[in-house]
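First the structure, in the form of structure tokens, and then the observations on it.
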Amino acid sequence: GTTYRGDSFEFAKAGVPALWLYKGNEYIGKPKGFGDEQSARFFAKDYHKPSDVVGADWDLAGGVDDLRIGFRLGYRVA
């Protein structure tokens with residue numbers, strides 16, 4: 001059901017090709033289960049609520065790799 005809740009789903013419904021890359025839950029340098037705990041906490045506490053904002057303490061380093069992959073894939077498809 002997470003695909004239907006993603007922002008890109010509205011594009012797909014309108015016939016616009018959309019790419020949705022799902023993040024993993026494994027973190028380099030963190031113990032096994034850390035990502036699952038963080039995700040569960042976020043969805044329970046903040047998801048689609050007024051507190052659903054980017055936090056100053058977030059580590060977004062992996063996002064650069066995600067954007068690179070998404071751009072390259074989208075460019076090749078285009």
Side-chain angles (χ1 to χ4, degrees):
T2 56
T3 300
Y4 302 104
R5 294 178 1 206
D7 296 331
S8 61
F9 186 66
E10 292 302 315
F11 288 107
K13 281 184 2 186
V16 177
L19 176 65
W20 186 63
L21 301 175
Y22 182 73
K23 59 152 184 70
N25 277 347
E26 294 182 19
Y27 285 73
I28 296 171
K30 299 289 184 183
K32 187 172 178 72
F34 173 81
D36 291 328
E37 291 170 9
Q38 296 300 308
S39 289
R41 191 183 82 197
F42 173 74
F43 280 104
K45 182 178 173 235
D46 298 311
Y47 185 66
H48 283 181
K49 296 178 182 162
S51 57
D52 188 353
V53 296
V54 176
D57 61 335
W58 289 16
D59 179 358
L60 303 175
V64 174
D65 292 332
D66 294 343
L67 287 171
R68 238 183 230 125
I69 291 167
F71 175 79
R72 288 179 180 162
L73 180 60
Y75 187 80
R76 284 182 172 230
V77 168

Q | Cationic N near anionic O, under 4.0 Å, Lys49 to Asp46 | A | no
Q) So with a 6.0 Å cut-off around CZ of Phe9, is the heavy-atom count from everything else above 12? A) yes
Q. Once you round to the nearest 0.5 Å, how far does CG of Asp52 lie from NZ of Lys45?
A. 11.0 Å
Q) Do Ser39 and Asn25 touch side chain to side chain, with heavy atoms closer than 4.5 Å? A) yes
Q: Kindly check if the number of other-residue, nucleotide or ligand heavy atoms within 6.0 Å of CD (Gln38) is above 12?
A: yes
Q: Report yes or no: is the cationic atom of Lys30 (NZ for Lys, CZ for Arg) under 6.0 Å from the centre of the six-membered ring of Tyr27, at an angle within 45° of the ring normal?
A: no
Q) Can you tell if the side chain of Leu73 reaches within under 4.5 Å of the side chain of Arg76, non-hydrogen atoms only? A) no
